[in-house]
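It should be emphasised that the depicted structure is a prediction, and the values quoted were computed from it without experimental measurement.
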Amino acid sequence: MFIYFFCFTVFVVVLLWLFQSVFLDIIYKNVKLFDMRHCAESLIESVEHNDIEGGVRFASSKFNSCITVYQINNATGKTVASNHIQTTCVIHNISADSLLNDMYNGAKAEKYYVKRVEFGTVGKNAGKSSDATDAEQDYSGAATVIMSSVVSYSDTDYLILIDSEVLPMASTIRTLNYQLTIISVILIVVAAILSVIISKKLAKPFNTMSKEAALLATGKYDVNFDNTAFLEAKQLGDALNYAAGELSKLDSMQKELIANISHDLRTPLTLISGYSEVMRDIPGEMTPENMQIIIDETERLSLLVSDLLELSKLTGGEVITHPEVFNLNRIIEDTIKRYDKLVERKGYRIVYEADRNVTVKADKTRILQVLYNLINNAVNYTGEDKTVKVSQTANDGKVRISITDSGDGIFPDELPMIWEKYYRGSSFHKRETVGSGLGLSIVKKVLLLHGAHFGVTSKPGFGSTFWFELDEYNSN
Ligand code: ADP
């Protein structure tokens, strides 16, 4: 911080020094010549408008210069108008001698002829002037600058002489340099103090936050990041507080999931070991029904494990889809067929309505997964009428599949969370069918992978409708 402040101060001081010392002379000279040229232009105009006296008065006061306009006749000059406002003026202290000739000849050669005359030469040798050309002349000493210009009007030449005093720059530059030294010292001291104060102020909230972040890394999710400092620190504090909140939520969901999965694993395992022992120890218990229970529970276990594997595959790293063209209606019908036994034994009703046969291009295995998970949930959560409605509508190249149940529905505040992995709703889990508890997060990942629209509408007490949309495949 100090280095930045120091560099900035040095930069400002150097800039001031360049403009106040090094370039001051050049800038001053250019401004002076620019003004004199303007003055000469306005005088030329007044000669051309035959208002020489008025033009001289006006230009003299406007440009703070002494002016004389001569009418040139046979190499002699007759004063037509003149205005004298400076005591150090050269042109009003000379008679029409060599300087006048010099200025006349010069103005004949160059439109705006410039000459610098040192003080002290006036009267003695008024024509003596610096021989340096305009560009080389040094304007730092006390002197005066004369500019001449010739204008012709009614076959007569008029010589315009403008005299402007040049201030001694050397002493001004010395004064400015002295001031600059004092300003530089003050600026550097102020920069040092400011940098200490500001860096402390800036670093404090970040130091505290990094300590709190270290606590967060150790699993202490209840840390509270300070978000009362300046805007950026406040934003970072808010972001970290949000991250801590999310991590803590994820942590508790993960713990809950482990508890749920352990429970889900233990239930079939208990059944399998119980039935196996009965079949081993009790003669006559080796019945096909008992064997079927063991087979069903083994299936439930294997589905749970494969869902866990699938989710970890979908969550980590690149997921490759294998799109193929297939008949969507057939896939839906096949999925519904898997529930035939449940329909037969427990009185469930799965109603399927389709607009027409449609083909889509998608990863068939994964779309099957989506359908299975959504229908499975609907069967699990549907109401007393044990009815689940599956419908397919096709419109404008889009196919929409909706799965509706008549269960308790989902509370609006729970809706955004049901898609989260590890999230399990507060509603009663009937578990009529096999479920892994990871269904909707798999559904969400697969549909996102397909760039499909999906969603849910639900009214507590009246059931829910889960839907998703795929592009209809058109071979053309
Ligand atoms: P699981 O159903 O095995 O708990 P899911 O990821 O499939 O896991 O669903 C997450 C949560 O969403 C469920 O715990 C439940 O609260 C809610 N949910 C899903 N489908 C329905 C449905 N059809 N009706 C009511 N709630 C549902």
What donor-acceptor contacts under 3.5 angstrom involve side-chain atoms of residues 454-462, with partners at least two apart or in another chain?
residue : atom : partner : partner atom : Å
Ser458  : OG   : Ile410  : N            : 2.8
Ser458  : OG   : Gly463  : O            : 3.3
Ser458  : OG   : Ser464  : OG           : 3.1

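Between Asp251 and Lys249 there is no salt bridge, since no side-chain nitrogen of the basic residue lies less than 4.0 Å from a carboxylate oxygen of the acidic one. The pair Arg330-Glu333 fails the salt-bridge criterion, with no side-chain N (NZ, NE, NH1 or NH2) lying under 4.0 Å from an Asp/Glu carboxylate O. Using a 4.0 Å cut-off between charged nitrogen and carboxylate oxygen, Asp471 and Lys398 count as a salt-bridge pair.
In this pair, Trp419 and Phe466 present their aromatic rings perpendicular. The plane angle is above 60°, beyond the 30 to 60° band. A tilted orientation is assigned to the rings of Phe34 and His38, their planes being inclined by 30° to 60°.
Between the side chains of Ser402 and Thr465, no donor-acceptor pair of N or O atoms lies under 3.5 Å. There is no side-chain donor-acceptor pair under 3.5 Å between Ser149 and Lys111. Donor-acceptor pairing under 3.5 Å is lacking for the side chains of Gln392 and Asp355. Donor-acceptor pairing under 3.5 Å is recorded for the side chains of Asp296 and Gln292.
Under the 4.5 Å side-chain criterion, counting only non-hydrogen atoms from C-beta, Met36 is not in contact with Tyr112.
Without hydrogens or angle criteria, Asn376 side chain to Tyr372 main chain gives no donor-acceptor distance under 3.5 Å. Judged purely by atom type and a 3.5 angstrom limit, His450 has no side-chain atom pairing as donor or acceptor with the backbone of Leu470.
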